[in-house]
Protein chains: 2
Amino acid sequence: MTETVPFQTNCQTCPLRRKSVFRSLEDKELDFISDFKTGELTVEAGATIVQEENKSPHLYTILDGWAFRHKALADGRRQVLNFALPGDLVGLQLAVLNEMQHTVTALTDTTLCVFQRDRVWSIFKDYPSLAFSMTWIAAREEQILDGHIISLGQRSALERLAYLILHLYDRAETIGYASNQALDAPFSQSHLSDALGITPVHTSRTLRKLQEKRLISWAKDRIRILDRDALEKLASYESMADECRPLI
Amino acid sequence: MTETVPFQTNCQTCPLRRKSVFRSLEDKELDFISDFKTGELTVEAGATIVQEENKSPHLYTILDGWAFRHKALADGRRQVLNFALPGDLVGLQLAVLNEMQHTVTALTDTTLCVFQRDRVWSIFKDYPSLAFSMTWIAAREEQILDGHIISLGQRSALERLAYLILHLYDRAETIGYASNQALDAPFSQSHLSDALGITPVHTSRTLRKLQEKRLISWAKDRIRILDRDALEKLASYESMADECRPLI
DNA sequence: CGGTAACTTGACCGACATCAATTATTGTGG
DNA sequence: CCACAATAATTGATGTCGGTCAAGTTACCG
């Protein structure tokens, strides 16, 4: 990944927090978060971070790496619900609903900040701006899911893929995982397939088609957006445009 | 045609709040909500409640009636993102993200409690348990959307329809809009189609197939679940099981 | 009643799935 | 550094679910 994370990352000097996308905090809040954080968890690519039905006592923020939320039907069909990047909360549903209906898996080697679920209430009690941030983050996830729903319901495979590439690129760019329309893709075509709701075979063909149209290139797990305007048009892409967001 | 009627329903004696699904509140919180509520909005079936890109100064809770959240692509293809029932918040994304990327439309004649967006902050500042409720509600919506995503991505048309019927029935039942496995469906087949991501023609055929299998009946806009176990199995349905939820 | 919108039905078509066979690519131990 | 296996990606042939088009048939409403 882009930067090397030391053994323990101090919240006050957190490299993520320095990025301009993230809202700055009062010292009081920062001190609380620093205290709220009880450790770091490092997992290898492919490892499960939170399992459905398993009530982990933790809440996490991704510090470094890619993860994805997914969910399976009884017969094994699997759907990727969303991807998660540094700054994203993992386990919010569990923390507030006390129930988790999906699994979160690391896509790359990933480092997470660990928080204790049983202290979540004190956020609401004593740190209103952090409480607001929690709601903000949940609402933003909702907005992203809305985007995926319209993709799955209405777009063709080609359009869906175009949309997903733009979406992932933009999210990756804000936290420094992509730049110059190039993104190191940590996912296999089968991850894409599970996110798009199409088979791996068709994903391969669809990727090829996007390349033949000279909209993107895909080589050695590096995706490059060659013609952004055309790709956005194809996908009827609308960007999220949150210049500034909270980080817990 | 919309009209605003001030205070027909008092929060202290709100009929919704009496239902056992809803968590009871401290007097202090109830008084706040009562004060937070600035009026009621009644709209006819088909009317827009909140429009994408239109920054309404309001946040709503549905008091009576059905609504749906939806979103369109540039070329007019439309997707229903989710349905909304009494007790559901409308405009939460707008309230916290200050941006709305979907439209909310009334399905039936609908009454909503009206709150001022600019006072949302005071919830977080002074009423932590209400703030928690906001996050809870957002996380639950997320969970529902997760369910729709796996439906759209992995289930066949028949399975999707089965899932949606069970989902809507269960939600309707908790607030008293359905009972004994029978639901007065306020939506047309084209609403269903837009939610399922299939064409109206295919919705008709799929509905027929569910009836031929004797899993449901559909007559005069009344859906009856005839064989719940079989329907759940077909849909690989998992229920939400929140025995108690907050109401703002 | 007549007119419009919602639903149904049939014939045909196309996007994507499935099956199957190669061909990279990656990882492992000798 | 090379076999070797295992996994991931590509390609082609064929099948099917759901889309499209078009013509009814309701049901609803002024």
Side-chain angles (χ1 to χ4, degrees), chain A residues 44-46 68 73 75-80 105 107-109 151-165 184-213 216-223 234-235, chain B residues 1 44-46 73 75-80 105 107-109 151-165 184-213 216-223 234-235:
Chain A
E44 291 185 343
F68 64 106
L73 294 179
D75 62 7
R77 281 175 284 177
R78 228 180 46 142
Q79 176 68 28
V80 169
T105 298
L107 206 45
T108 62
D109 292 351
S151 236
L152 291 166
Q154 304 298 327
R155 285 190 252 251
S156 69
L158 193 70
E159 293 167 340
R160 260 182 250 183
L161 181 55
Y163 179 87
L164 185 59
I165 287 171
D184 284 308
F187 29 79
S188 67
Q189 289 188 17
S190 78
H191 289 120
L192 284 183
S193 308
D194 286 345
L196 298 170
I198 59 182
T199 56
V201 174
H202 200 61
T203 299
S204 171
R205 295 194 228 266
T206 306
L207 264 174
R208 157 171 294 281
K209 200 175 284 183
L210 274 187
Q211 291 176 84
E212 282 166 354
K213 285 171 177 278
I216 65 156
S217 75
W218 163 285
K220 294 198 277 86
D221 291 332
R222 170 159 266 247
I223 299 175
L234 172 63
Chain B
M1 198 62 198
E44 290 185 343
L73 294 178
D75 62 6
R77 281 175 284 178
R78 229 179 47 138
Q79 177 68 29
V80 170
T105 297
L107 206 45
T108 62
D109 292 352
S151 235
L152 292 166
Q154 303 298 326
R155 284 190 252 251
S156 69
L158 192 70
E159 294 167 339
R160 261 182 246 183
L161 181 54
Y163 179 87
L164 185 60
I165 287 172
D184 285 307
F187 29 79
S188 67
Q189 289 188 18
S190 78
H191 289 121
L192 284 183
S193 308
D194 287 344
L196 298 170
I198 60 182
T199 57
V201 174
H202 200 60
T203 299
S204 170
R205 294 196 228 267
T206 306
L207 219 30
R208 155 173 292 282
K209 199 174 285 182
L210 274 188
Q211 291 177 85
E212 283 167 355
K213 286 172 177 278
I216 66 156
S217 75
W218 163 286
K220 293 199 278 85
D221 292 332
R222 171 160 264 248
I223 300 176
L234 172 63

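Chain A is the first sequence line, chain B the second, and so forth, proteins listed ahead of strands; every chain is numbered from 1. Note that these values count all heavy atoms, side chains included, but never hydrogens, waters or copies made by symmetry.
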Asks: Which heavy atom of A:E159 sits nearest a heavy atom of A:Q154, and at what distance?
Replies: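 What the structure gives for the nearest pair is OE1-O, 4.3 Å.
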Asks: What is the separation between atom NZ on B:K220 and atom P on C:dC7, rounded to the nearest whole Å?
Replies: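 These atoms are roughly 15 Å apart.
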Asks: A:D184 and A:I223: side chain to side chain contact (heavy atoms under 4.5 Å, CB included), yes or no, with the steps?
Replies: CA-CA 6 Å; A:D184 284 308; A:I223 299 175; over 6 Å; no
Asks: Mind checking if A:T206 touches a base, just sugar-phosphate, or nothing, with heavy atoms under 4.0 Å?
Replies: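 The answer is nothing, as A:T206 stays clear of every strand by at least 4.0 Å.
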Asks: Report yes if some heavy atom in the side chain of B:D194 is under 4.5 Å from a heavy atom in the side chain of B:Q79; otherwise report no.
Replies: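 Result no, sub-4.5 Å side-chain heavy-atom pair not found.
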Asks: Would you check if A:I198 and A:L161 make a side-chain contact, meaning some heavy-atom pair closer than 4.5 Å?
Replies: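 No. Closest side-chain heavy atoms not under 4.5 Å.
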Asks: Counting the atoms with a prime plus P, OP1 and OP2 as sugar-phosphate, which does A:T203 contact under 4.0 Å by heavy atoms, base, sugar-phosphate, or nothing?
Replies: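 If one applies the 4.0 Å heavy-atom cut-off, A:T203 turns out to touch nothing in the nucleic acid.
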Asks: Starting from the C-alpha separation in whole Å, work towards a yes-or-no answer on side chain to side chain contact (heavy atoms under 4.5 Å, CB included) for B:L192 and B:I165.
Replies: CA-CA 10 Å; B:L192 284 183; B:I165 287 172; 5.9 Å; no
Asks: What N/O pairs connect the protein and nucleotides 18-22 of chain C at under 3.5 Å? Give each pair on its own line.
Replies:
| from | atom 1 | to | atom 2 | distance (Å) |
| --- | --- | --- | --- | --- |
| C:dT18 | O4 | A:R205 | NH2 | 3.1 |

Asks: Provide, to the nearest angstrom, the distance between the CD1 atom belonging to B:I198 and the C1' atom belonging to C:dA15.
Replies: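 After rounding, the gap between these two atoms is 16 Å.
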Asks: Look up atom OG1 in A:T206 and atom CD in A:Q211, then write down how far apart they are to the nearest 0.5 Å.
Replies: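 Output value for this atom pair is 11.0 Å.
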Asks: Compare every heavy atom of B:L164 with every heavy atom of B:A195, then report the nearest pair and how far apart it is.
Replies: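 Nearest heavy atoms, B:A195 then B:L164: CB-CD2, 4.0 Å.
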Asks: Classify the nucleic acid contact of A:S156 as base, sugar-phosphate or nothing, counting any heavy atom under 4.0 Å across all strands shown.
Replies: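 A:S156: backbone/sugar contact only, no base atoms under 4.0 Å.
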Asks: Please list, chain by chain and in numerical order, all residues satisfying ring-ring contact (aromatic ring centres under 6.0 Å, His included) with A:H202, sequence neighbours excluded.
Replies: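 With sequence neighbours excluded, A:H202 shows a ring-ring contact (aromatic ring centres under 6.0 Å, His included) to no residue whatsoever.
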Asks: So which one's nearest nucleotide on DNA chain C is more toward 5', A:D221 or A:A157?
Replies: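 On the 5' side of the pair lies A:A157.
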Asks: Could you check how far CD of B:Q154 sits from P of C:dC16, rounded to whole Å?
Replies: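 Computing the B:Q154:CD to C:dC16:P distance gives 15 Å.
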Asks: Can you check the A:L158 CG to C:dC16 C1' distance for me, whole Å?
Replies: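 For the pair A:L158 CG and C:dC16 C1', the rounded distance is 13 Å.
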Asks: Verify the neighbour count for atom CD of A:E44: are there more than 12 heavy atoms of other residues, nucleotides or ligands below 6.0 Å?
Replies: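 At most 12 heavy atoms, drawn from other residues, nucleotides or ligands, come within 6.0 Å of this atom.
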Asks: Look at the side-chain N and O atoms of B:R208 and state whether any lies under 4.0 Å from the OP1 or OP2 oxygen of C:dT9.
Replies: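 Answer is yes, contact under 4.0 Å.
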Asks: Contact boundaries of DNA chain D with chain A (under 4.0 Å, heavy atoms), 5' to 3'?
Replies: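 Going 5' to 3' along DNA chain D, contacts run D:dA9 to D:dA13.
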